[in-house]
Amino acid sequence: MPIIAPDRAIDPRVFQILSLSCLFAISLIWYDFALNPLALPLALAGAWGVQLLAARIRHEAFDWRSPAITALSIAILLRADQPLWFLLCAAMGIASKFLVRWRGKQVFNPSNVAIVAMLLAGAPVWISPGQWGQESWVAGLLIVFAALVLGRSGRFDIALAFLASHTVMLLGRALYLGDPLTIPAHQLQTVSVLVFSAFMITDPRATPDSRAMRIMFAAGTAMLALYLQIRFQLVGAPIYALAMLSPLVPLLDRLAPAQRFQWRKADAAHA
Amino acid sequence: MPRMLKLAIAALMLALPASAHAFCGFYVAQAGARLFNNASRVVLARNDNATVVTMEANYQGAPSQFAMVVPIPTVLRRDQIRVVEPGLIDRIDNYSAPRLVEYNDPDPCARIMEERDMAAPSASMDMVVTGKSRRANALGVRIEARYQVGEYDILILSARQSGGLVTWLTQNGYTMPPGAAPVVGSYLRQNMKFFVAKVNLRRRAAAGASETLRPLQLTYNSRKFMLPIRLGTVNANGPQEMFVFALTPNGRVETTNYRTVKLPSDQDIPAYTKGVFPSFYKAAFTRAVRREGPAVFLEYAWDAGSCDPCSSEPPSQQEMRQLGVNWLGEGSVFFTRLHLRYTRQTFPEDLVLQETSDSSNFQARYVMHHPFKGEIDCKEGQAYRNMVVERWDREARNLAQLTGWPLQRIKADMRRNGDRPSVSVKSEQGWLASAWEWVGGLWRA
């Protein structure tokens, strides 16, 4: 029987949607002057549009929650001069969920692969890892959100594994360079790393099914991210690292088969 | 921005009555980098990986004491090092500096706006900026290259370990502050080299050089797009100021490891600030730093070919070419002005920069209004007078919020200048907003 999210009345994705909406609002009001309020409606339009189309083609019920999460993630992380890019990005992300599958399981995190694809294609979009700064109150809020969401989906392990690996990498690098600890401390307080750990790498539908493999996957992502940052000076390296390692997930699942994650009982019938 | 969008926005702005006056204002004062102590200015022109860095010597002491030590990503050839004329950085500083613009209210009884005389722009305040001289010696290093460029003697150095490099620098006349060795070591381990420059007094005298030392310009290709600030903080007494002027093809430049914040802008402030604009701006910036914490402030972001209003001429094509813009004619040039006040605690890391595709315009701009002084004898007159008093109050509140100056003192100064704001000294910020600021202050402390 497939693993289902703990049997609560509320789908854990609803908490994620609420958390991400909160972050978006914070961004809009307080922080990021490059954020266009149209980003979210357009991303939602793109995501829901493609999801609806796919649902019709596959004769499935229309799931509004996962595309909403994709749209919110894109609206929070991506920046563009022209808001239509958000629509395109969200549409691409949801399309990849249906088009790029291995043995019936999606390979990529939709928002992650769409953002990376647009950045690599040279579209006039960008990500601002510094946008949140090191504000501790936002970090605190994020931890609360993460606890709410990840506790329900049982995916705390990958978030913690990534953060732990990331911390070890940064401390190691600081020791190697002889840097004072204020530097890795500053790097670790970057809120965007927390956003990535809590909400992007934790997608249960695009990460390994078994816990051991998830932890390895998280550690691998952290290592690859540091390498990409040092070697190629990539901005937002963890996002690229996740996209690059996602195609390995089917292999990891093969090596350590485990129950596939389902959001709700009703979806379990499709597994 | 696509042209249709630009036209639409322009049309919209013309349609709004308030904005129609916006283009009739004129620039009266500006606050350039020279206001600030310990301010260094850097121009970065970046196109893909091609980077041109122009560093101002910013030094007021004896040329014999001058020494510059800068970490760079690669060894440079002779043709990659130049000196540029000293006025160049001044000109782009003035062009992009936060500015005060002045509007005269039209006759409320008349229908057509009258032309007013243009006020002569006041000169930016020239403060003496004290520099620190650095004498340094070090041993056991490899001299990758040795050049003579203009009045400078230049060496490109690398070393296996920082102790040797610091000793060699110290012994050869470059003072490295205590505590610099680990920072130097960090750069060396990242495979960076060191660019060191001293003034050759003989060549300088022979050339009949001017008072100020000329800025040095380095050109290189590197994936790294960063500004090393750590060496400057090692022995600093108090915060340092840095102004970064970036020229890029696509859009605004920002830091990826620190937050970028726009300076509060487009606010009405009392007319008397014209006489104290420099101290107003310093106070406003200090307050912004206190409020936002460690952040990089955006003061200007605009297409480099135009400006509105123009505090001075935008850089000419020739000037841009001199600053390293090698893609002229193949696209636009976008200009970003960043201002940060940093210490070792607040900015422990070097600035890592990126170019975004954000080509929206921004300038730090403060607005003052002069009420109409003539006869007002129509029925709109009373409404106009009320509006003016409200505006005076608002200007006073804005100034208090921007600078932290006490509202009572501001209103007293306004009255001395001839304005007549209301007597209330309630900041009218609302208890909720004040409480929030107080909490924020505690949190940051």
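Quick note: numbers below take in every heavy atom, side chains included, and nothing from hydrogens, waters or symmetry partners. Each chain gets a letter, A, B and so on, in the order the sequences are listed, and its residues count up from 1.
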**Non-neighbouring partners of A:D157 that pass salt bridge (charged side-chain N to carboxylate O under 4.0 Å, His left out), sequence neighbours left out** =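 Scan of A:D157 (salt bridge (charged side-chain N to carboxylate O under 4.0 Å, His left out), adjacent residues dropped) gives A:R211, A:R214.
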**Request:** Quick one: closest heavy-atom pair of B:Q354 and A:V235, and the distance?
**Result:**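 Distance-wise, the nearest heavy atoms are OE1-CG1, 3.6 Å.
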**Asked** Taking A:D81 for the side chain and B:S359 for the main chain, is one N or O donor matched with an acceptor at less than 3.5 Å?
**Response**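 Yes: the side chain of A:D81 pairs with the backbone of B:S359.
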How long is the straight-line distance from [atom2] of [Y] back to [atom1] of [X], given to the nearest 0.5 Å?
| X | Y | atom1 | atom2 | value |
| --- | --- | --- | --- | --- |
| B:T256 | A:L234 | OG1 | CG | 11.0 Å |
| B:N49 | A:Q233 | CG | CD | 9.5 Å |
| A:W126 | B:N250 | CH2 | CG | 10.5 Å |
| B:R259 | A:S128 | CZ | OG | 12.0 Å |
| B:R189 | A:Y176 | CZ | OH | 6.5 Å |

**Prompt:** Taking only heavy atoms into account, what residues of residues 185-194 of chain A are found under 4.5 Å from chain B?
**Reply:**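 Checking residues 185-194 of chain A against chain B gives A:H186, A:Q187.
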**Request:** Enumerate by number any residue of residues 220-231 of chain A whose heavy atoms lie under 4.5 Å from heavy atoms of chain B; in the absence of such residues, state 'none'.
**Result:**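 Those residues of residues 220-231 of chain A which have a heavy atom under 4.5 Å from chain B are A:R231.
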Distance-only criterion, 3.5 Å: show the donor-acceptor pairs between side-chain atoms of residues 159-173 of chain A and protein atoms not counting sequence neighbours.
residue : atom : partner : partner atom : Å
A:S165  : OG   : A:A161  : O            : 2.6
A:T167  : OG1  : A:L163  : O            : 2.6

**Request:** Using a cut-off of 6.0 Å, state whether more than 12 heavy atoms not belonging to A:L148 lie near its atom CG.
**Result:**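 Yes, CG of A:L148 has more than 12 neighbouring heavy atoms, counting only those of other groups under 6.0 Å.
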**Item:** Toward chain A, the part of B:L298 with a non-hydrogen atom under 4.5 Å
**Value:**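 It is the side chain, since no backbone atom gets that close.
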**Message:** With a 4.5 angstrom heavy-atom cut-off, is it the side chain or the backbone of B:V352 that approaches chain A, or both, or neither?
**Reply:**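 Answer is neither: B:V352 stays 4.5 Å or more from chain A.
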**Prompt:** How about A:L177 and B:Y187: do any of their side-chain heavy atoms sit closer than 4.5 Å?
**Reply:**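 They are not in contact (no side-chain heavy atoms under 4.5 Å apart), so the answer is no.
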**Prompt:** Mind checking whether A:R79 and B:S357 have side chains closer than 4.5 Å, heavy atoms only?
**Reply:**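 Not touching, per the 4.5 Å side-chain cut-off.
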**Message:** Counting heavy-atom pairs closer than 4.5 Å to chain A, which one of B:M226, B:E254, B:E355, B:Q345 comes out on top?
**Reply:**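 Between B:M226, B:E254, B:E355, B:Q345, the count favours B:E254.
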**Prompt:** Could B:R230 and A:D179 be called an ion pair, given the rule that one side-chain N must be under 4.0 Å from one carboxylate O?
**Reply:**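 Result for this pair is yes, salt bridge flagged.
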